[in-house]
Amino acid sequence: MNYEHIHEDFKYLMNLGKEDRVKSLHAPLWINYPKTTEIIQLLKQIIDRPKKPRTQNLLIIGESNIGKTSIAIEFVKLFKSSTIEDEDGMSIIMRPVLLAQAPSKADEKGLYISILETFWTPFHSSDTIAKLRNQTMYLMRECNVKMLIIDEIHHLLSGTPVQQRTVMNALKSLGNELMIPIVGIGIKNASLILSSSPELARRFDLITLSKWELDKNFRGLLNAFEKRLPLKKHSQLHEKEKATLLYTISEGNLGNLHRLLIECSTYAINENIEEITVDIIKKFKWVKPTNSLSPREILI
C-alpha cells in the first residue's frame, strides 16, 4: 500500500509491527505552525542583535502543556553546540544557546547551580554563592553563550518578595555582564515575577502562547497530526464531527490533543481498526484537560 495519507518521513513506520508502531506514538514530535514560527523567528532576531549591556529580554508564557518548552528545545537545535580550534590550535567550545531549568524556588544559589548543571564540568554545590557565580560567568564566557533560556521561570515566585528580587537581580546581572538576552518560559502567572521591579519589567517583552480555536487552523493541525500517526487507514480527523469532539475534549490545548490522539491511535492499532473513529474518540473522553496539578510539557 502507498499510505498516501502518511507523510513521507513517517511511512517507514508502516513496515513495523503493532507493538513498534504503538511505541513510535510516544516519540518526541514537532509540528510547526504559524505561532511557533513567529516565536522562533523572534528568538533568532534577538540572538542576532549586537551585544550591549542592557539587552532586551523576552518572557514566553502560556498554560501548562501548551508547547512552550518544545519551542525552546527546537530553537536550541538550530544552534547546536560545537568545538572549533583557534589560531593556536586550542579547542574552543561554542554553546550559543543555553537552556536551563529554573530552581524550585527563588534562590540565587539554586539559579547558578541550575545553569552549571547544563555544562559538562564538575562543580561543588556546597561552594559559596560568589564562587558559584564566578564559575557560572566563566563557563558562559568560555563557551560563547549568546542567549540564556530559563524554563519554568514561574518557580521563582516560590519565595518572599526579597528572595524574588534577589534572584531576578542576579539573572539581570548575568545578562548585563555577559551582554546576552535572557528568555524566560513559564505558565501565565510567571509575568508576576516582573512586578518585583519596574526596571526589570521594562527589560522584558511579553509573548503569550494561547490555546487553539476551533477553526480552519485547528483542522489544519489535525491534518498535520494525522500525517504522522502510523494508522493504515485515513481517519479524516479534520471532518466536522471528529474535529469538534477532539477540540471539546482537549479544550484546544496542544499537549492534551497529542495525548488524546496517542490513546485513540493505540486503541485503533491494537484492535485492528487502523483509523480513529468517532466512537474511539468518545471512548477516550476521560482524557482530562491539563490543570495546575499536573503540569507536563509534550514535544509538539
Side-chain angles (χ1 to χ4, degrees), residues 1-33 35-37 62-77 151 209 211-212 214 217-291 293-300:
M1 296 180 65
N2 291 328
Y3 301 115
E4 293 182 357
H5 60 288
I6 305 291
H7 191 284
E8 287 294 329
D9 292 345
F10 292 83
K11 284 187 178 181
Y12 76 94
L13 296 173
M14 307 312 296
N15 297 320
L16 304 178
K18 280 186 181 182
E19 185 177 344
D20 288 330
R21 280 194 288 146
V22 169
K23 284 182 180 178
S24 75
L25 291 167
H26 297 274
L29 179 62
W30 170 256
I31 293 179
N32 204 17
Y33 58 95
K35 192 65 174 180
T36 60
T37 299
E63 69 176 37
S64 183
N65 211 15
I66 202 75
K68 305 177 299 297
T69 300
S70 303
I71 294 174
I73 291 172
E74 198 65 20
F75 182 71
V76 170
K77 290 179 182 177
D151 197 10
L209 197 60
K211 293 195 293 187
W212 289 76
L214 181 55
N217 292 323
F218 183 74
R219 292 192 291 274
L221 176 67
L222 293 178
N223 270 328
F225 264 117
E226 185 165 359
K227 291 179 183 294
R228 292 157 173 80
L229 300 176
L231 297 172
K232 294 180 180 180
K233 298 179 182 178
H234 195 179
S235 298
Q236 302 283 358
L237 296 179
H238 66 281
E239 290 182 346
K240 184 176 181 180
E241 185 177 8
K242 290 181 180 180
T244 302
L245 270 174
L246 291 167
Y247 181 83
T248 301
I249 296 170
S250 67
E251 293 192 352
N253 179 289
L254 199 55
N256 291 339
L257 175 64
H258 189 202
R259 184 188 170 201
L260 176 58
L261 292 174
I262 288 175
E263 298 288 352
C264 292
S265 298
T266 299
Y267 184 86
I269 292 171
N270 287 333
E271 298 299 319
N272 297 314
I273 299 171
E274 295 294 346
E275 68 174 303
I276 297 175
T277 64
V278 169
D279 287 340
I280 290 177
I281 297 172
K282 289 180 178 178
K283 184 178 182 67
F284 290 96
K285 63 183 179 182
W286 55 265
V287 179
K288 299 298 182 183
T290 295
N291 57 57
L293 298 179
S294 58
R296 192 164 67 101
E297 287 288 353
I298 305 270
L299 283 180
I300 43 180

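Values in this document were obtained by computation on a predicted structure and should not be read as measured data.
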Hey, could you give me the [atom1]/[atom2] distance between [X] and [Y], rounded to the nearest 0.5 Å?
X	Y	atom1	atom2	result
Cys264	Leu245	SG	CG	9.5 Å
Thr266	Phe284	OG1	CZ	7.5 Å
Met14	Leu231	CE	CG	6.5 Å
Leu13	Tyr3	CG	OH	11.5 Å
Thr248	Lys285	OG1	NZ	11.5 Å
Ile280	Leu260	CD1	CG	11.0 Å

Are the side chains of [X] and [Y] in touch, meaning some heavy atoms are under 4.5 Å apart?
X	Y	value
Leu209	Ile71	yes
Leu237	Leu261	yes
Asn253	Glu63	yes
Glu263	Trp286	yes

task: Would you please say whether a donor-acceptor pair under 3.5 Å links the side chains of Asn272 and Lys18?
output: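 Yes - a donor-acceptor pair under 3.5 Å links their side chains.
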message: Parallel, tilted or perpendicular, judged at 30° and 60°: which one describes the rings of Phe10 and His7?
response: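 Phe10 and His7: perpendicular rings.
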task: Would you please test Tyr33 and Asn217 for side chain to side chain contact (heavy atoms under 4.5 Å, CB included) and show each step?
output: CA-CA 9 Å; Tyr33 58 95; Asn217 292 323; over 6 Å; no
Nearest non-hydrogen partners of [X] and [Y], listed with the distance:
X	Y	value
Leu25	Leu229	CD2-CD2, 3.9 Å
Phe218	Leu214	CD2-CD1, 3.8 Å
Ser70	Trp30	O-CZ3, 3.7 Å
Asn2	Lys11	O-NZ, 3.1 Å
Pro230	Ile269	O-CD1, 3.9 Å
His238	Asn223	ND1-OD1, 3.4 Å

message: According to side-chain hydrogen bond (donor to acceptor under 3.5 Å, both in side chains), who are the partners of Thr277, at least two apart in sequence or on a separate chain?
response: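 Not a single residue meets the side-chain hydrogen bond (donor to acceptor under 3.5 Å, both in side chains) criterion with Thr277.
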Between the side chain of [X] and the main-chain N/O of [Y], is any donor-acceptor distance below 3.5 Å?
X	Y	value
Glu226	Gln236	yes
Tyr267	Ile273	no
Asp151	Lys68	no
Thr36	Asn32	no
Arg259	Gly255	no

message: Restricting to ring-ring contact (aromatic ring centres under 6.0 Å, His included), what partner residues turn up for His5, sequence neighbours left out?
response: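 Listed in chain order: His234.
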query: Should Val287 and Asn256 be marked as a side chain to side chain contact (heavy atoms under 4.5 Å, CB included) after you check the CA-CA gap, both sets of side-chain angles, and the distance that decides it?
result: CA-CA 8 Å; Val287 179; Asn256 291 339; 5.8 Å; no
task: Give a yes or no on whether Lys227 atom NZ has more than 12 heavy-atom contacts from other residues, nucleotides or ligands under 6.0 Å away.
output: no
query: Do any pairs count as a salt bridge (charged side-chain N to carboxylate O under 4.0 Å, His left out) and have a residue in residues 19-30, sequence neighbours left out, and if so which ones?
result: Glu19-Lys23, Arg21-Glu274
query: How far apart are the C-alpha atoms of Arg228 and Ile31, what are their side-chain angles, what is the distance that settles it, and do they pass the side chain to side chain contact (heavy atoms under 4.5 Å, CB included) test?
result: CA-CA 10 Å; Arg228 292 157 173 80; Ile31 293 179; 3.9 Å; yes
message: Under the criterion side chain to side chain contact (heavy atoms under 4.5 Å, CB included), I'd like the reasoning laid out for Phe225 against Leu257: C-alpha separation, chi angles, the key distance, then a yes or no.
response: CA-CA 10 Å; Phe225 264 117; Leu257 175 64; 3.8 Å; yes
